[in-house]
Amino acid sequence: MKFKTLVVLALAVAVPALACAKKPKKVGEEEVVKAAEEVDDDDEPTITEECVMNVSLFHEAVKNKMYADAYEPWWEVYKNCPNANKSIYSDGAKIVEALFQATSDKAEKERLAKLAIEMQNKRIKYFGNDPKYPKAYILGEKGLAYIDYYGEDKYDDARECLRKSAEGMGVRSKMTVLKALVDVSYALYKKDPDDKAEQLIGDYELASGLLADQAADPNNKNAELAGKQKDYVDNIFAISGAADCKKLDDLYEDDVEDNKNNLDVLQKIVKLYKRVRCTESDVYFAACEAAHKLQPTDESAAGCASMAAKKGDYEAAVKYYDQAIELAGLDEEYEDVADYQYNAAVYCYSNLKRYPEARRYAQASIATLTKLGMTKGQGRCYIIIGMAYAATRLYGNDPKGAILNKTVYWAAVDKFVRAKQIDPSVEAAANDCISTYAKYFPTKEERFDLPNEFSGSTYYVGGWIGETTTIR
């Protein structure tokens, strides 16, 4: 008689596990293999009353961490009715691991290791369609089992399972699976850098991207941990050597050329180059340009801006950054927009000498970072504004104009002081700027021609600057 759904109700009835448990017996490897393969694909095992009782027995024993007592009733269920309940596999993993750690017998360890892998295969067979823990999830458990029980000897098998799990589960992937995927792929790369570089890059892209999505999800209670795991895999990739820009160029130059009409491929390459900060590469520029023609995005526009700047066309670079800012909108990460705005400010100040525009972009970047609650990054913007003030000549070249021109340094130094106050990471640069431009303050004698010439008095710097500062 088959029970099926009635079994779930039956399992809710607690049975005094320890009173009925028998002393566990050792099962040979041949029996392990037989148990894993003996059930015909078209013949679902019958769930008997004995199976139901044994499930309760081993489950209660596992709850009490009495894994040796749990083994025999678990084995009977695993062998005879592996479709009875998912706890066969969740509890079974704990039982097998505990027994594996407890024994020093080599043959027994080998048997248990084989059992750990076969158990995941059975779980896929009978519970692979489970909506919460489907086949892709179980493959992740199988990959982790390969690592735990076989180590480096099975890294290729482990990686294949972990990769399929990450692809299948997507943003629902276990963080341990994503981390392990990069760890294993990195270990394989170290053994064969020439052959495994592209594999590591692909695995890193997948894992890092999914962890980034998990970290950005406001409904994910483990978002902070996901962010830390992303930092970990980013660091692994950074130290691997596979992130070397020249190596990336060697791998992707032909791909860009062969896929100039394949937006998916181009966008993946653009994202990768941006993530590893290889944004001065000609291959990156080519991918951005091709992607931008097919479907403009903020990332492709930013790449085109870098390409234009490298060619010395700063006017075009700023226009591309304008596009990037507009394309990003409110759906993208504000931090990227802040970078676009800052870069435009730099080009307007350093290369185009358009100081009011430089301030406008820098102020926009500050506003963007403020929305994020970030102070880091704001300091560099205040420094750009201060430098733009210091480079400005508001008045003529006659003696009085020359004195009035010096008043901009008070306003400039105000910005440098603000920069280090709000963003300690730029303190050294801000202090250098203060030391440089304070030398050009109007002298006491020169201030006689100014209104409110006394130190500590307020002074209005006119023109496009239009700010009130303090005389000193």
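Residues: numbered from 1 along the sequence shown. In what follows, every heavy atom counts, from backbone to side chain, and hydrogens, waters and symmetry copies are set aside.
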Notebook entry, point to check: For Lys154 and Ile147, what are the C-alpha separation, side-chain angles and deciding distance, and is it a side-chain contact (heavy atoms from CB on, under 4.5 Å)?
Noted result: CA-CA 7 Å; Lys154 294 287 186 177; Ile147 296 169; over 6 Å; no
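- The residues Arg111 and Glu108 are annotated as salt-bridged, a charged nitrogen and a carboxylate oxygen being separated by less than 4.0 angstrom.
- When only modelled atom types and interatomic distance are considered, Asp249 and Tyr284 share no side-chain donor-acceptor pair under 3.5 Å.
- For Lys319, the NZ atom counts as loosely surrounded, since its 6.0 Å shell holds 12 or fewer non-hydrogen atoms of other residues, nucleotides or ligands.
- Tyr189 contributes atom OH, which lies 8.0 Å from atom CG of Asp194 (distance to the nearest 0.5 angstrom).
- In this structure, CD in Gln363 is found 12.0 Å from OG1 in Thr368, a value given to the nearest 0.5 Å.
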Note to self: With disulfide bond (SG atoms under 2.5 Å apart) as the criterion, how do Cys288 and Cys304 come out once you've worked through the C-alpha distance, each side chain's angles and the decisive distance to 0.1 Å?
What the structure shows: CA-CA 6 Å; Cys288 287; Cys304 290; 5.9 Å; no
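- Side-chain atoms of His59 and Lys63, non-hydrogen and from C-beta on, do get closer than 4.5 Å to each other.
- Taking the ring axis of Tyr232 as reference, the NZ or CZ atom of Lys228 does not stay both within 45° of it and closer than 6.0 Å to the ring centre.
- Between the side chain of Tyr89 and the backbone N or O of Pro82, at least one donor-acceptor pair lies under 3.5 Å.
- Remark: Ile366 CD1 to Met374 CE distance equals 13.0 Å, nearest 0.5 Å.
- Between the Ser300 side chain and the Pro296 main chain, no donor and acceptor come within less than 3.5 Å of each other.
- Listed for the Arg163 side chain is a donor-acceptor partner under 3.5 Å among the backbone atoms of Gly202.
- When all heavy atoms of Ala316 and Ala308 are compared, the closest pair comes out as CB-CB, 4.0 Å.
- At a threshold of 4.0 Å, the pair Arg380-Asp339 counts as salt-bridged, since one of the basic side-chain nitrogens sits closer than that to a carboxylate oxygen.
- Using a 4.0 Å cut-off between charged nitrogen and carboxylate oxygen, Lys191 and Glu152 count as a salt-bridge pair.
- With contacts defined as side-chain heavy-atom distances shorter than 4.5 Å, the pair Leu139/Met169 does not qualify.
- In the displayed structure, Glu253 atom CD is contacted under 6.0 Å by at most 12 heavy atoms of other residues, nucleotides or ligands.
- Using a 4.5 Å heavy-atom threshold, the side chains of Ile201 and Leu248 count as touching.
- Residues passing the side-chain contact (heavy atoms from CB on, under 4.5 Å) test with Glu50, sequence neighbours excluded: Thr48, Asn54.
- Between Val233 and Phe237, every side-chain heavy-atom pair lies at or beyond the 4.5 Å cut-off.
- You'll find the side chain of Tyr146 stays beyond 4.5 Å of the side chain of Val184, heavy atoms only.
- With hydrogens and angles ignored, the 3.5 Å screen pairs no side-chain donor or acceptor of Asp298 with any backbone N or O of Leu327.
- Taking the ring centre of Tyr78 as origin, the terminal cationic atom of Lys122 falls inside the region bounded by 6.0 Å and 45° from the ring axis.
- Asn80 places none of its side-chain heavy atoms less than 4.5 Å from the side chain of Pro45.
- Ion pairing between Lys271 and Glu205 fails under the 4.0 Å rule for side-chain N and carboxylate O.
- Glu110 and Lys114 are not joined by a salt bridge, as no carboxylate oxygen comes within less than 4.0 angstrom of a charged side-chain nitrogen.
- Under a 4.0 Å N-O distance rule, the pair Asp255/Lys268 does not qualify as a salt bridge.
- Counting only N and O atoms by type, the side chains of Asn85 and Ser87 include a donor and acceptor under 3.5 Å apart.
- The line from CG of Leu266 to CG of Asn259 is 6.5 Å long, rounded to the nearest 0.5 Å.
- Between the side chains of Gln267 and Thr297, not a single donor N or O lies within less than 3.5 Å of an accepting N or O.
- Between the Asp423 side chain and the Ala419 main chain, no donor and acceptor come within less than 3.5 Å of each other.
- Using bins of under 30°, 30° to 60° and over 60° for the plane-to-plane angle, the ring pair Trp75/Tyr71 lands in the parallel bin.
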Margin query: What verdict does the side-chain contact (heavy atoms from CB on, under 4.5 Å) test give for Leu57 and Glu72, after you've listed the backbone C-alpha separation in whole Å, the side-chain angles of each residue and the deciding distance to 0.1 Å?
Written below: CA-CA 9 Å; Leu57 285 172; Glu72 187 170 344; over 6 Å; no
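- Around atom NZ of Lys310, more than 12 heavy atoms belonging to other residues, nucleotides or ligands sit under 6.0 Å away.
- Checked by atom type, the side-chain pair Asn343/Tyr320 shows no donor-acceptor distance below 3.5 Å.
- Of the possible donor and acceptor atoms, one in the side chain of Lys109 sits under 3.5 Å from a partner among the backbone N and O of Phe100.
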Check: Is there a side-chain contact (heavy atoms from CB on, under 4.5 Å) between Val62 and Trp74 once you walk through the steps?
Finding: CA-CA 10 Å; Val62 168; Trp74 171 81; over 6 Å; no
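- Separation of atoms CD (Gln214) and NZ (Lys230) is listed at 12.0 Å; rounding is to 0.5 Å.
- The backbone N or O of Tyr347 lies less than 3.5 Å from no partner atom in the side chain of Ser350, so there is not a single donor-acceptor pair.
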Next item on the list: Applying side-chain contact (heavy atoms from CB on, under 4.5 Å), run through Asp130 and Lys86 and close with a yes or a no.
Entry: CA-CA 9 Å; Asp130 185 81; Lys86 286 185 291 187; 3.0 Å; yes
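- With hydrogens and angles disregarded, a donor-acceptor distance shorter than 3.5 Å links the side chain of Asn64 to the backbone of Glu60.
- Side-chain contact between Val318 and Tyr361 is present, with at least one heavy-atom pair separated by less than 4.5 Å.
- In this structure the side chain of Asn431 never reaches within 4.5 angstrom of the side chain of Phe416, judged on heavy atoms.
- Here the straight-line distance linking atom OH of Tyr133 with atom CZ of Arg123 works out to 8.0 Å at 0.5 Å rounding.
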